[in-house]
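Have a look at the structure below before the remarks.
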Amino acid sequence: MLELLTQPLAEPFFVRALVAIALCSATCACLGAYVVLRRMAFVSTALTHSILPGVISALLLGFSPYLGALAAALLTAAGAAWLAARRGTTEDSAVGVMLSVMFAAGVALMQQANSWRDFAGLLFGSVVSVGREDLVVIGVTAAIVLFGLRVLHKELELASFDEEYAALLGARPALMRVVLLVLVALGSVACVRLVGALLTTALFVIPAATGVLLGRTVPQVMAWGVGCALAGGIGGLYLSYYLPAVPSGAGIVLCCALPYLAARIFAPRR
Amino acid sequence: MSRVIDTLSRHLGETLFSVLPSIPYAQKEKAGCPGIAVATKQLSAAARLDGPVAFADATFEIPCGCRTALIGPNGSGKSTLLRVLAGLTPIRSGEALVAGESPRLGRSRIAYLAQRPHLAELFPLKLRRLVQMGTYAHHGWFEECQHGDEAIDLALTRLGLTGLAERPVHTLSGGQLQRALIARAVVQGAELLLLDEPYAALDQASREIVDRFLFEQSHAFTVVMATHDPADLSRFDRILEMRDGTIITRHACSGHDHRHA
């Protein structure tokens, strides 16, 4: 039995995948706490989906796909904010417009660039193909995101809980929103290797939703979320190792949903 | 589990915050009330940016320590006036000064209680942490709030919340939440309390606690309270009536250094 667990560890790609999962779990679950508590799930979906046109244009123009992805995610956030600032468009529909436009642009570019097959990893993730450079990018991003969340913890918590009071004290709730969007864009770019542009939002939402069921303070929500993401990530990786029919990205998301279900059923009623 | 996380988080935080600079949210303010707590000159404002003017040409002064009632029918602009004084709603024209300065700067000496506070639902926060948020006014960016426990305990006791300190905020009743928000203003050390119909959500017990706090204790803060209760008015030093889009002062506070016994 133990062999089943230790045997894959001999493979370098598997260890790299585990490290990537650990870093992404911490990043996504901690950020996800704010995404869920502030009801930003839809915005995070838009940001992660817009990575597709970003990466493809970067490949076409010949610069780093990570930079392309980040630029596209930030463009989506800025575009949605700009549209929502005009009268007659709610933030919800502004995000919807940006999401569909960016994703459609991605699909159009995909035809230009090459065949569909080459982009399967981008759409659905392939944690087993994570290389050394990817790990560096993921590590640096995780460090930036976690540092930002820790340093601005009390301001983010205040702005998320009581925006008016934050404004009254001069703690800049609008700026905190921008900071969070930038961090979510960074986090999505780092995690797109794990589960793909279509499913990255699951890493923000599912672990944090589990955390909200179990935690009574924001740090507790984050901690439970990290636990859930780690369990799901590692479980999904082993699942796809022994059942090659299950792609790793889908396996990770499905395994993350199990702790959520358990928490949903067994969490004490509050 | 949660204790381990809290300890870890605290140790990590201490190291991190010891190397970061600390920047106050708002510019430094002089302590103490300079005589006039609130002064407006031909003030007009609207509830919404592109909406109609709620009141116009309002000129009045409120001395420090004065308990002021703000009365008038629904839609007469009471809430808008309070929000302007809190710096949350922009001024259309004219001038409003709180302790001689613009309220829009982000001010630790102003506390504002909305009629229906817009708080995030189901937010994982304990009552004690909510009250602690009042101390943020004296800290600022990149600073942890490890101190202020005594002030928090005192405020909790004064508003009858001691037994509820560890309760999640979303399990509190309307009256308990209202008292918690007042406790936060106390911890903040606010000198001007702007209250928008604070009694609407309160039962008799909560109301008595808040009343005792606002009217019987002898600390020198200024209160401006929107209210609909005509029986209440005798307890106030001054009544501002809002009618037909402007403000009429009904009777004024006596001295500048007004205190209650």
Side-chain angles (χ1 to χ4, degrees), chain A residues 30 33-40 85-88 143 146-176 179 208-227 267-270, chain B residues 1-2 4-6 8-10 12-13 16-17 20 24-27 49-50 83 86-88 103-108 110-112 114 117-126 129-130 132-137 139-145 166-171 181 184-185 188 190 194:
Chain A
C30 292
Y34 286 115
V35 169
V36 166
L37 291 171
R38 298 175 66 118
R39 298 162 186 237
M40 285 166 60
R86 302 285 169 284
R87 249 205 294 175
L146 294 176
F147 176 80
L149 288 179
R150 186 66 191 88
V151 166
L152 291 172
H153 172 65
K154 80 178 194 300
E155 285 81 13
L156 287 169
E157 184 186 54
L158 173 63
S160 308
F161 172 66
D162 190 347
E163 202 176 329
E164 253 178 12
Y165 191 62
L168 191 135
L169 292 184
R172 313 285 298 273
L175 178 69
M176 288 302 101
V179 167
T210 315
V212 168
L213 288 174
L214 301 169
R216 287 159 71 90
T217 64
V218 175
Q220 282 178 22
V221 167
M222 290 178 173
W224 282 109
V226 172
R269 208 168 264 278
R270 292 188 293 161
Chain B
M1 173 81 178
S2 65
V4 175
I5 295 160
D6 287 347
L8 231 149
S9 167
R10 192 162 45 245
L12 222 131
L16 200 58
F17 286 101
L20 288 168
Y25 292 138
Q27 59 193 66
L49 261 186
D50 46 2
R83 290 181 60 85
L88 295 169
R104 292 219 74 186
L105 298 172
R107 309 292 305 283
S108 66
I110 305 173
Y112 163 73
H118 293 283
L119 306 176
E121 284 167 51
L122 291 179
F123 202 89
L125 196 76
K126 291 176 182 170
R129 178 81 176 166
L130 165 71
Q132 191 190 29
M133 284 175 170
T135 64
Y136 294 3
H139 293 276
W141 303 101
F142 314 128
E143 215 178 322
E144 281 281 79
C145 302
E166 294 301 309
R167 280 269 295 275
V169 167
H170 62 84
T171 63
L181 294 174
R184 181 172 72 178
Q188 181 193 332
L194 304 166

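A, B, ... follow the sequence lines: proteins, then strands. Residue 1 opens every chain.
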Please flag which part of B:Leu88 lies under 4.5 Å from any non-hydrogen atom of chain A: side chain, backbone, both or neither.
side chain
Quick check: closest heavy atoms across B:Ser108 and B:Gln188, and the distance to 0.1 Å?
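Heavy atoms of B:Ser108 and B:Gln188 come nearest at O-NE2, 2.6 Å.
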How far apart are the closest heavy atoms of A:Leu37 and B:Leu122, and which atoms are they?
CD2-O, 4.3 Å
Part of A:Val221 lying under 4.5 Å from any heavy atom of chain B:
side chain
If you count heavy-atom pairs within less than 4.5 Å of chain A, which of [options] leads?
options: B:Gly87, B:Ala114, B:Gly140; answer: B:Gly140
options: B:Phe142, B:Trp141, B:Tyr112; answer: B:Trp141
options: B:Met133, B:Glu121, B:Arg184, B:His118; answer: B:Arg184

From OH (A:Tyr34) to CD (A:Glu157), nearest 0.5 Å:
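Rounded to the nearest 0.5 Å, the OH-CD separation comes to 5.5 Å.
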Working to the nearest 0.5 angstrom, can you tell me the gap between A:Arg216 CZ and A:Leu214 CG?
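With rounding to 0.5 Å, CZ (A:Arg216) is 11.5 Å from CG (A:Leu214).
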Taking salt bridge (charged side-chain N to carboxylate O under 4.0 Å, His left out) as the test, write out the residues that go with A:Glu164, two or more places apart.
B:Arg83
I'd like to verify something: which residue of A:Glu155, A:Arg38, A:Arg39, A:His153 has the highest number of heavy-atom pairs under 4.5 Å with chain B?
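Looking at each of A:Glu155, A:Arg38, A:Arg39, A:His153 in turn, A:Glu155 comes out on top.
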